[in-house]
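Residues: numbered from 1 along the sequence shown.
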Amino acid sequence: MLKEEKKKGIISRQMLSFEFRKTIGNPYVHIFGVGMPVLMMIVITRAIGGEMPDAEAFSVAVTSVFLGVGALIPMATIFMGYGISNAQEMEKGIPQRMELFGIRTGVSLCNRVLSELIFMLIAFGIYFAAGYAFTEIKAPKLTGALLYVVCILAFSVILFGLAHAISSLLRKFSLTYCVTMLLYFVFMILGGMMGITYDNLPSAVQVIAKLLPVTYINRDFYTVWTGKQYNFMPMAQSYLLMAAIAGIALFLSVKRDARKLH
């Protein structure tokens with residue numbers, strides 16, 4: 001098997017298929033990564049429709065909600081879904097057993113990243129299909145749509161690193177489930193997705209909310225989506241801060257694993 005792995009390289013069809021089956025076999029990604037975003041988007045936009053008789057204001061509000069709720073997909077499929085699954089595997093010693101069969105951790109991780117991105121792409125396809133079927137979303141400018149894709153991908157990469165670090169440090173399903181679920185809802189609340197907008201948050205909480213990329217995706221991305229001028233500096237700073245936190249957490253998890261080997 002080791003020779004076969006070397007021959008096929010880091011990414012192989014068999015490994016990718018294996019990792020993708022593990023991804024779709026996780027019920028959390030279907031509930032929180034596909035069902036919940038679609039349901040929230042439809043419910044919130046319908047509620048807005050009853051309060052905004054003006055068609056233009058309704059279209060702006062609906063598009064803002066649609067773009068913001070879309071950030072739940074990587075938060076659920078990658079951050080919570082992968083984190084929980086990875087902790088469960090570590091608890092059972094699956095990575096060690098796979099190494100005994102000649103499958104390196106790096107190979108498994110690369111295929112898992114790709115399988116998570118494929119599933120996220122499918123989830124976004126369902127989400128956009130539901131959005132255009134049930135709501136009136138403003139058509140984006142090409143640059144706006146591309147920037148949305150770039151920001152979501154960057155957010156997803158950071159969340160993957162953070163999820164891997166948390167699950168590697170905790171190594172228990174129950175603890176990882178608790179921490180990732182708690183952070184998932186904290187991101188939702190501070191990002192303004194739970195019925196409390198950023199402007200209605202206490203000033204001290206707003207300071208924390210400004211540090212999260214999801215706040216800018218939910219609050220400001222309509223401006224970017226429609227091609228209007230936007231100051232990206234605060235958003236970029238939030239991405240860099242979250243990436244730094246994920247990087248530090250990954251460093252600590254690697255150091256811990258290195259100490260265990262010695």
Side-chain angles (χ1 to χ4, degrees), residues 10-11 15-34 36-37 71-101 103-120 123 152-188 190-191 211-214 239 241-262:
I10 294 175
I11 304 295
M15 276 297 297
L16 183 59
S17 175
F18 171 69
E19 293 295 345
F20 187 70
R21 286 198 301 271
K22 285 201 301 183
T23 300
I24 61 175
N26 185 346
Y28 298 99
V29 299
H30 299 284
I31 297 168
F32 294 101
V34 181
M36 190 171 176
L72 290 180
I73 295 175
M75 283 164 55
T77 59
I78 292 180
F79 179 63
M80 196 169 70
Y82 170 75
I84 291 170
S85 176
N86 191 51
Q88 198 169 30
E89 289 180 7
M90 285 186 167
E91 196 172 24
K92 294 177 179 178
I94 292 174
Q96 291 83 355
R97 275 182 272 174
M98 291 181 72
E99 285 189 0
L100 290 174
F101 285 99
I103 301 172
R104 300 189 308 265
T105 304
V107 172
S108 178
L109 194 60
C110 287
N111 284 277
R112 186 61 184 269
V113 169
L114 190 54
S115 71
E116 293 284 348
L117 289 174
I118 291 170
F119 182 84
M120 192 176 74
I152 289 293
L153 282 175
F155 188 46
S156 302
V157 170
I158 295 169
L159 289 175
F160 185 89
L162 190 58
H164 187 79
I166 291 171
S167 57
S168 297
L169 287 168
L170 299 178
R171 291 182 173 270
K172 286 189 177 294
F173 168 80
S174 57
L175 289 174
T176 303
Y177 176 80
C178 180
V179 171
T180 55
M181 179 69 81
L182 179 63
L183 289 174
Y184 174 81
F185 282 108
V186 167
F187 291 161
M188 284 181 66
L190 296 182
L211 304 177
L212 300 174
V214 68
Y239 272 85
L241 177 63
M242 195 167 181
I245 292 170
I248 292 168
L250 279 170
F251 175 77
L252 292 174
S253 68
V254 170
K255 290 289 285 183
R256 178 181 170 177
D257 290 342
R259 281 199 304 268
K260 285 191 172 182
L261 289 174
H262 295 295

Please find the pair of heavy atoms, one from [X] and one from [Y], that lie closest to each other, and give the distance.
| X | Y | value |
| --- | --- | --- |
| Gly25 | Pro27 | O-CD, 3.3 Å |
| Ile78 | Leu159 | CG2-C, 4.2 Å |
| Ala87 | Thr176 | CB-OG1, 3.2 Å |
| Thr23 | Ser115 | OG1-OG, 3.3 Å |
| Glu116 | Phe160 | CG-CE1, 4.4 Å |
| Pro74 | Phe155 | CG-CD2, 4.1 Å |

Enter the distance from [X]:[atom1] to [Y]:[atom2] here, rounded to the nearest 0.5 Å.
| X | Y | atom1 | atom2 | result |
| --- | --- | --- | --- | --- |
| Ile73 | Ile152 | CD1 | CD1 | 8.0 Å |
| Leu183 | Met80 | CG | CE | 11.0 Å |
| Leu182 | Cys178 | CG | SG | 6.0 Å |
| Lys255 | Leu169 | NZ | CG | 13.5 Å |
| Leu16 | Asn111 | CG | CG | 5.5 Å |
| Arg171 | Ser168 | CZ | OG | 6.0 Å |

- Query: Checking side chain to side chain contact (heavy atoms under 4.5 Å, CB included) for the pair Tyr184/Leu72: CA distance, chi angles, key distance, verdict?
  - Reply: CA-CA 9 Å; Tyr184 174 81; Leu72 290 180; 4.0 Å; yes
Those residues that, when tested against [X], pass side chain to side chain contact (heavy atoms under 4.5 Å, CB included) (two or more places apart):
| X | answer |
| --- | --- |
| Ile248 | Leu252 |
| Ala246 | Ile158, Leu162 |
| Leu153 | Leu117, Met120, Val149 |

- Message: Which residues pass the side chain to side chain donor-acceptor pair (under 3.5 Å) test with Glu19, not counting sequence neighbours?
- Response: Lys22, Ser108
- Query: Partners of Ser156 by side chain to side chain donor-acceptor pair (under 3.5 Å), sequence neighbours excluded?
  - Reply: none
- When the ring planes of Phe32 and Phe185 are compared, do they come out parallel, tilted or perpendicular, using 30° and 60° as the limits? perpendicular
- Message: Can you tell me how the ring of Phe119 sits relative to the ring of Phe20, calling it parallel under 30°, perpendicular over 60° and tilted otherwise?
- Response: tilted
- Item | side chain to side chain donor-acceptor pair (under 3.5 Å) contacts touching residues 72-87 (sequence neighbours left out) | Tyr82-His164, Ser85-Arg112, Asn86-Ser167
- Query: Donor-acceptor pair, Ser253 side chain versus Leu250 backbone, under 3.5 Å?
  - Reply: yes
